[in-house]
Structure formats: C-alpha cells, structure tokens
Amino acid sequence: MIVCSCNVLSDHDVRSAVESAEDLPRNAKQIYGCLGCSAECGRCARTIKTIIDEALGACAKACCSGCPHARTEAHQHEPAHAGLPLVAAA
C-alpha cells in the first residue's frame with residue numbers, strides 16, 4: 001500500500017528501512033533520510049510513525065537491555081580491531 005504519494009513510498013519500503021537501518025529510525029524524517037527523499041506535504045507522517053511503531057514493537061520508544069537493537073556505548077566507539085590479538089611485525 002502506498003503511504004506517501006509525494007515520494008511514492010509503500011508500507012513495505014518503510015518496514016524495510018526500519019529493518020535495515022544501522023541506527024533505528026523512530027520518526028518519519030529519519031525514514032525519509034534512510035530512503036533518500038524528504039517530506040513534501042507531510043500527510044503521511046502519522047501513518048509512517050504507526051508503521052515504525054509496529055515494526056519496532058516494544059522497542060518503538062527505546063530499546064531495552066538485552067534487545068538485539070540495543071547497542072552499548074562501549075561497542076559503538078570500539079575500533080573494528082578491538083579484541084583481536086596483536087601480532088608483532090617481523
């Protein structure tokens with residue numbers, strides 16, 4: 001179903017953006033950014049927010065500890081090589 005006529009976005013587009021985004025989008029503006037467009041008339045914002053809330057379930061407001069969406073501060077700022085053994089150069 002088309003939820004945004006201006007950008008021709010479907011409910012499937014919105015759900016896919018929620019599921020694939022690195023930082024979970026929690027409002028219409030963030031969804032537009034994920035999908036590479038911007039709000040035009042704004043009539044779809046409430047519908048997009050409802051779809052986001054449904055897709056995120058209990059995580060719609062904020063992720064709880066233990067949730068697969070939750071990211072700890074330590075892991076967000078950890079370098080990619082953190083935790084790997086160091087090998088001395090020859």
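The analysis underlying the following values was restricted to heavy atoms, covering all of them including side chains, and did not include hydrogens, waters or symmetry mates. Note that the numbering runs from 1 along the sequence shown for the chain.
Atom CG of Leu9 is separated from atom SG of Cys44 by 7.0 Å, given to the nearest 0.5 angstrom. Here the CG atom belonging to Asp11 is positioned 4.5 Å from the CZ atom belonging to Arg15, to the nearest 0.5 angstrom. Between atom CD1 of residue Ile52 and atom OG1 of residue Thr47 there is a gap of 11.0 Å, rounded to the nearest 0.5 Å.
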Do any side-chain atoms of residues 28-35 form donor-acceptor pairs under 3.5 angstrom with protein atoms, and if so which ones, sequence neighbours left out?
{"residue": "Gln30", "atom": "OE1", "partner": "Arg26", "partner atom": "N", "Å": "2.5"}
{"residue": "Gln30", "atom": "OE1", "partner": "Asn27", "partner atom": "N", "Å": "3.3"}

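Residues satisfying the side chain to side chain contact (heavy atoms under 4.5 Å, CB included) test with Ser16, not counting sequence neighbours, are His12. In this structure Arg43 satisfies the salt bridge (charged side-chain N to carboxylate O under 4.0 Å, His left out) test with no other residue, sequence neighbours excluded.
Note on Val3: it does not cluster hydrophobically with Val8, by side-chain heavy-atom contacts below 4.5 Å among ILVMFWY residues.
The minimum heavy-atom distance between Val18 and Ala55, with the atom names listed, is CG1-CB, 3.9 Å.
Within the structure, every pair that satisfies the side chain to side chain donor-acceptor pair (under 3.5 Å) test and touches residues 1-10, not counting sequence neighbours, is listed here: Ser10-Asp13.
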